[in-house]
Number of protein chains: 2
Amino acid sequence: MKVKADDRLQHAREEFIAQWGAMGTQWGINRTMAQIHALLMTAAEPMSTDEVMEALEISRGNAHANLKELVAWGLLRAVVKKGERREYFEAEKDVWRIFTVVARERKRREIDPALEVVRKCAEESRGIATPEGRAFHEQMRQLEEFVEFASRMADRVAMMKHGFAIQMAAKLLG
Amino acid sequence: MKVKADDRLQHAREEFIAQWGAMGTQWGINRTMAQIHALLMTAAEPMSTDEVMEALEISRGNAHANLKELVAWGLLRAVVKKGERREYFEAEKDVWRIFTVVARERKRREIDPALEVVRKCAEESRGIATPEGRAFHEQMRQLEEFVEFASRMADRVAMMKHGFAIQMAAKLLG
DNA sequence: CATCAGTTTCAATTATTTCCGAAAATTTAG
DNA sequence: CTAAATTTTCGGAAATAATTGAAACTGATG
């Protein structure tokens with residue numbers, strides 16, 4: 001009976017890791033990174049680099065790079081077990097915190113550069129007197145205004161506490 | 001003087017197209033697609049496939065595939081000039097509408113599949129009696145709840161009118 | 001029905017990203 | 001200091017995605 005429960009769990013967990021990894025692709029996150037995150041998010045205990053390598057059957061270099069990246073994002077913490085030399089990694093498991101971390105990162109990668117681009121283009125096209133020039137500038141201006149708005153919204157959302165977000169959402173979904 | 005204005009415009013526009021294209025990459029949108037969108041968003045008149053090919057120096061196949069894709073997304077409309085046989089394309093220029101279109105598409109590609117995955121995993125792990133099994137199931141349940149929430153939020157936002165969104169935002173940013 | 005303008009498809013190529021594996025560097029222990 | 005354990009780096013292999021170029025198709029027109 002205990003064996004069967006373990007099998008079911010292992011099966012479900014492996015499926016989750018595989019699927020979550022495949023999904024990472026759609027999210028612009030590489031597959032290994034998403035798999036490691038899934039693995040650790042569903043691990044009872046922190047895991048070492050070697051354990052991760054073995055569990056996912058990936059190379060050391062790959063495991064290493066993606067563990068580092070996940071730590072940089074703030075989705076993993078490196079922990080040291082006392083008396084042990086190597087590092088273990090444990091995942092952030094709170095879904096809201098995971099969300100805010102990812103939101104911050106995506107904002108940084110997707111919104112901030114866009115803002116720079118449209119600002120520059122709006123600036124460069126200021127005061128061109130032809131009708132086409134005016135139209136272009138106006139288009140850039142609107143884009144800039146919108147992206148700035150999106151940027152501020154993203155900051156706010158990323159800072160929100162879970163409770164406040166729910167409250168906010170109630171209004172929106174009501 | 002007129003020439004100088006035209007040069008400035010052309011320069012700014014080319015920069016916008018190039019940069020917006022590069023940014024597309026970050027957004028999980030391919031470069032050509034983003035460039036075509038940028039080109040048409042800043043075009044005074046609708047353009048034909050051949051004009052797009054020439055302006056961006058890309059092949060017919062590439063131009064064609066990405067124009068179709070943009071039409072499918074709803075970011076371009078195909079228009080027919082009377083007396084002309086070929087199709088011309090014109091871009092949606094309203095930034096809010098562009099945003100809602102992209103939001104819908106990304107939701108479809110990023111959130112919906114995630115929801116399926118976590119639902120399946122939550123289902124499969126229901127009732128596993130070991131402590132690890134319970135923890136896994138609980139993690140999946142929380143993920144499911146959150147992704148469902150995100151899904152509903154995305155739907156709402158994608159449906160919003162610009163005015164309402166601004167009003168909403170005022171509360172958030174206030 | 002032959003031709004022409006234009007559209008669509010697709011196999012082959014090219015570019016980009018990811019991953020491996022092994023070596024180099026670093027850290028800790030004895 | 002030396003040796004063992006562990007982390008980090010990196011060049012090239014493998015996988016994936018984007019793009020080309022040319023051929024096949026469509027359907028209007030004389």
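All values below were derived from every heavy atom in this structure, side-chain atoms included, with hydrogens, water molecules and symmetry-related copies excluded. Convention: sequence-line order gives letters A, B, ...; per-chain numbering from 1. Bear in mind that the values here come from a model prediction, so they are computed numbers and not experimental data.
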Query raised in the report: Are any of the side-chain nitrogens in B:Glu148 or B:Arg119 under 4.0 Å away from the carboxylate oxygens of its partner?
Result: yes
Query raised in the report: Do A:Tyr88 and A:Met53 share a hydrophobic cluster (ILVMFWY, side-chain heavy atoms under 4.5 Å, transitive)?
Result: no
Query - Non-neighbouring partners of B:Glu51 that pass salt bridge (charged side-chain N to carboxylate O under 4.0 Å, His left out), sequence neighbours left out - result: none
**Report entry** Between CE on residue B:Met160 and OG1 on residue B:Thr100, distance to nearest 0.5 Å
**Finding:** 11.0 Å
Report summary line: Contact string for nucleotides 8-22 of chain C, one letter per nucleotide 5' to 3', B = base within protein heavy-atom range under 4.0 Å, S = sugar-phosphate only, - = neither, reads BB--------SSBB-
Query raised in the report: Which nucleotide of DNA chain D is the first, and which the last, in the 5' to 3' direction, to come under 4.0 Å of a heavy atom belonging to chain B?
Result: D:dA18 to D:dG27
Query raised in the report: Hey, are A:Arg141 and A:Glu144 close enough for a salt bridge, meaning a charged N less than 4.0 Å from a carboxylate O?
Result: no
Report task. With sequence neighbours excluded, give me every side chain to side chain donor-acceptor pair (under 3.5 Å) pair touching residues 157-167 of chain A. Result -> none
Query raised in the report: So which of residues 71-86 of chain B are in contact with DNA chain D, with a heavy-atom cut-off of under 4.0 Å?
Result: B:Arg85
Query - All side chain to side chain donor-acceptor pair (under 3.5 Å) counterparts of A:His64, not counting sequence neighbours - result: none
Query raised in the report: Which atom pair, heavy atoms only, marks the closest approach of A:Ile128 to A:Gly133?
Result: CG2-CA, 3.8 Å
Query raised in the report: Would B:Lys120 and A:Glu15 satisfy salt bridge (Lys or Arg N to Asp or Glu O under 4.0 Å), going step by step from the backbone distance to the final call?
Result: CA-CA 9 Å; B:Lys120 182 140 184 276; A:Glu15 166 130 359; 2.5 Å; yes
Query raised in the report: Taking NZ, NE, NH1 and NH2 as the nitrogens, is one of them in A:Arg8 or B:Glu124 under 4.0 Å from a carboxylate oxygen of the other?
Result: no
